[in-house]
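The structure under discussion appears below in the form of structure tokens.
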Number of protein chains: 2
Amino acid sequence: MVLAVDRVYERLRADILGGVHQPGARLGEAELAEATGSSRTPVREALRRLEVEGLVEVLPHRGARVPDWTPEDLEEIYDLRMLLEGAAARRAAARIEAKDADRMDELCGLIEWAAAPGDQQDLDRVAELNAEFHGIARAAAASNRLVTMLNAVVQLPLVMRTFHRYSPDDLTRSCAHHRELVAALRARDGTWAESVMRAHVLSAKAVLLRDPPS
Amino acid sequence: MVLAVDRVYERLRADILGGVHQPGARLGEAELAEATGSSRTPVREALRRLEVEGLVEVLPHRGARVPDWTPEDLEEIYDLRMLLEGAAARRAAARIEAKDADRMDELCGLIEWAAAPGDQQDLDRVAELNAEFHGIARAAAASNRLVTMLNAVVQLPLVMRTFHRYSPDDLTRSCAHHRELVAALRARDGTWAESVMRAHVLSAKAVLLRDPPS
DNA sequence: GGCTCACTGATTGCATGCAACATAGGCAAT
DNA sequence: ATTGCCTATGTTGCATGCAATCAGTGAGCC
């Protein structure tokens with residue numbers, strides 16, 4: 001048995017990150033309750049969780065909205081991401097197991113293929129594989145607290161469809177970061193891993209701020 | 001009009017941090033509803049918020065509990081605090097206004113007096129003043145996201161009654177950190193401020209891990 | 001004697017009803 | 001024409017009822 005509040009939460013989260021609910025869109029409780037086949041109570045509780053995680057903003061008596069990020073927000077968010085992802089990478093270097101590193105290498109290959117210019121290019125698939133890659137890295141950090149905090153700032157790229165803004169050079173650099181991160185993790189070098197990860201996040205930030213969303 | 005869910009949230013948070021609800025204690029919804037003069041609905045929503053912030057743990061169908069921190073948890077929490085407080089201090093150095101720095105200096109004096117050995121020593125008052133001191137620093141960072149994340153890890157010292165574990169030398173060092181932080185902020189030196197803050201947090205961590213709680 | 005299982009009591013999870021509040025539109029007064 | 005108020009309407013906030021689930025207990029069986 002899966003709790004209704006969790007169903008609603010996952011659904012809402014996916015829809016916000018996937019762009020189904022655009023920034024600024026109103027999220028009516030009754031509407032969401034009907035859409036998820038539950039009542040308003042679990043919807044309200046899911047909205048509270050998402051509010052704390054920063055994925056929705058709730059105004060008293062005025063309902064919930066998907067926030068729209070200002071450039072200052074994006075700057076702040078990416079700086080936090082750099083800090084937290086870097087710390088997670090450092091922890092991961094001390095803890096990662098060989099099979100996880102192997103899978104990350106595998107994902108590097110898949111990402112490189114899906115990102116390469118040509119008919120087979122599929123940037124949405126890159127986003128998906130990229131999410132798995134970084135998911136493994138975060139899991140290897142073995143810190144629930146860190147993971148929770150990252151959830152609040154990590155998956156914005158999906159909202160923004162970041163990879164569609166990447167130039168071919170950006171994509172090449174991103175793939176190089178991935179390969180280097182795995183190397184640093186295998187070498188058990190936390191400082192190296194943290195440095196690569198920080199560069200990786202900051203380069204993503206540069207892409208996003210270079211050509212601001214909408 | 002203040003929302004019931006916010007009342008319950010503040011009350012619960014204060015009671016957990018203040019030690020009214022000891023780690024491991026069960027938090028029954030009906031009990032909390034009666035204690036706060038509201039119904040179970042706002043209690044449930046407040047518990048969801050506190051769950052995301054890591055201040056309570058909720059098991060499905062089994063209710064909410066105050067988590068009890070293992071030494072590994074404490075290590076993790078203090079490392080995160082170091083990161084986030086350091087980042088906040090760096091931002092604060094670029095933004096703080098003179099009157100806030102003045103108040104922080106004032107608080108330094110009050111803390112030093114209340115922390116000094118003798119009849120006037122009052123470690124609970126030190127904790128209170130210390131919270132205001134760091135509250136100003138965090139507010140000067142002007143980052144709601146950072147503040148929210150810090151809330152999840154910052155105020156554990158209150159639970160642990162940390163200052164009661166401090167030796168006279170620890171207290172002296174803590175006060176010196178405070179003075180130095182204000183100097184770094186006034187100098188608008190973000191790196192200095194971050195470094196002092198990291199030292200401050202890590203020294204607190206050392207005290208806590210030196211003599212583990214209960 | 002130890003183990004299993006059903007029953008009991010209590011608690012959580014969810015649905016729904018009602019009251020409080022906020023926004024929008026119309027109407028009147030200046 | 002503009003401003004202010006007032007009502008209408010939809011929404012949120014909260015209380016409560018009921019079903020689902022879990023911990024504990026004791027009887028029955030191996």
Side-chain angles (χ1 to χ4, degrees), chain A residues 1-17 20-68 144 148 151-152, chain B residues 1-16 20-68 70 144 148 151-152:
Chain A
M1 177 59 191
V2 56
L3 270 53
V5 59
D6 290 326
R7 280 205 335 266
V8 176
Y9 170 79
E10 298 292 346
R11 167 79 176 273
L12 253 174
R13 176 182 173 77
D15 283 354
I16 292 172
L17 294 175
V20 176
H21 300 298
Q22 293 289 328
R26 227 178 98 40
L27 300 171
E29 294 179 1
E31 173 193 2
L32 295 173
E34 188 176 14
T36 57
S38 56
S39 80
R40 285 175 49 218
T41 305
V43 169
R44 286 176 62 81
E45 292 180 10
L47 286 173
R48 294 289 180 192
R49 287 175 61 176
L50 291 163
E51 181 188 14
V52 178
E53 291 179 0
L55 274 162
V56 307
E57 57 186 359
V58 177
L59 296 89
H61 291 284
R62 292 179 52 190
R65 306 176 69 83
V66 182
D68 49 348
N144 286 329
T148 301
N151 276 340
Chain B
M1 178 58 192
V2 57
L3 270 51
V5 58
D6 290 326
R7 279 204 336 266
V8 176
Y9 170 80
E10 297 292 346
R11 166 78 176 274
L12 252 174
R13 177 181 173 77
D15 282 353
I16 292 171
V20 176
H21 300 298
Q22 293 289 327
R26 219 174 117 16
L27 300 171
E29 295 179 0
E31 172 193 3
L32 296 173
E34 188 176 15
T36 57
S38 56
S39 81
R40 285 175 49 220
T41 304
V43 169
R44 285 176 62 81
E45 292 181 10
L47 285 173
R48 294 288 180 193
R49 287 175 61 177
L50 291 164
E51 181 189 13
V52 178
E53 291 179 359
L55 274 162
V56 307
E57 56 185 1
V58 176
L59 296 90
H61 293 285
R62 292 179 52 190
R65 305 178 70 83
V66 182
D68 50 348
T70 67
N144 286 329
T148 301
N151 277 341

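All values reported here derive from a predicted model rather than from experimental measurement.
- Every residue two or more places apart in sequence or in another chain that forms a salt bridge (charged side-chain N to carboxylate O under 4.0 Å, His left out) with A:Arg11 is listed here: A:Asp15.
- Not counting sequence neighbours, B:Asp68 has no partner by the side-chain hydrogen bond (donor to acceptor under 3.5 Å, both in side chains) test.
- Residues passing the side-chain hydrogen bond (donor to acceptor under 3.5 Å, both in side chains) test with A:Thr148: none are found, sequence neighbours excluded.
- Within a 6.0 Å sphere centred on CD of B:Glu57, heavy atoms belonging to other residues, nucleotides or ligands number more than 12.
- Where A:Pro60 and A:Val2 meet DNA chain C, the nucleotide closest to each residue was compared, and A:Val2 sits on the side nearer the 5' end.
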For residues 44-51 of chain B, please give each side-chain donor-acceptor pair under 3.5 Å, one per line with the distance, not counting sequence neighbours.
| unit_1 | atom_1 | unit_2 | atom_2 | d |
| --- | --- | --- | --- | --- |
| B:Arg44 | NE | A:Glu45 | OE2 | 2.8 |
| B:Arg44 | NH1 | B:Glu29 | OE2 | 2.8 |
| B:Arg44 | NH2 | A:Glu45 | OE1 | 3.4 |
| B:Arg44 | NH2 | A:Glu45 | OE2 | 3.3 |
| B:Glu45 | OE1 | A:Arg44 | NH2 | 3.3 |
| B:Glu45 | OE1 | A:Arg48 | NE | 3.0 |
| B:Glu45 | OE1 | A:Arg48 | NH2 | 3.2 |
| B:Glu45 | OE2 | A:Arg44 | NE | 2.8 |
| B:Glu45 | OE2 | A:Arg44 | NH2 | 3.3 |
| B:Arg48 | NE | A:Glu45 | OE1 | 3.1 |
| B:Arg48 | NH2 | A:Glu45 | OE1 | 3.2 |
| B:Arg49 | NH1 | B:Asp6 | OD1 | 3.0 |

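- In this structure, A:Leu27 and A:Leu32 have side chains that are in contact, with non-hydrogen atoms separated by less than 4.5 Å.
- At a non-hydrogen distance threshold of 4.0 Å, B:Arg44 from residues 41-49 of chain B come into contact with DNA chain C.
- If you take NE2 of B:His61 and C1' of C:dT11, they are 10 Å apart, rounded to a whole angstrom.
- Here B:Arg7 lies out of heavy-atom contact (under 4.0 Å) with every strand.
- Counting heavy atoms from C-beta on, the side chains of B:Leu55 and B:Leu12 never come closer than 4.5 Å.
- Rounded to whole angstrom, the span from the CG atom of B:Leu3 across to the C1' atom of C:dA20 amounts to 11 Å.
- Here the side chain of A:Arg65 pairs a donor or acceptor atom with the backbone of A:Gly24 at under 3.5 angstrom.
- Chain B approaches DNA chain D over the interval D:dC14 to D:dA23, counting the first and last nucleotide 5' to 3' with an atom under 4.0 Å from its heavy atoms.
- In this structure, A:Arg40 and B:Ala64 both approach DNA chain C, and ranking their closest nucleotides by distance from the 5' end singles out B:Ala64.
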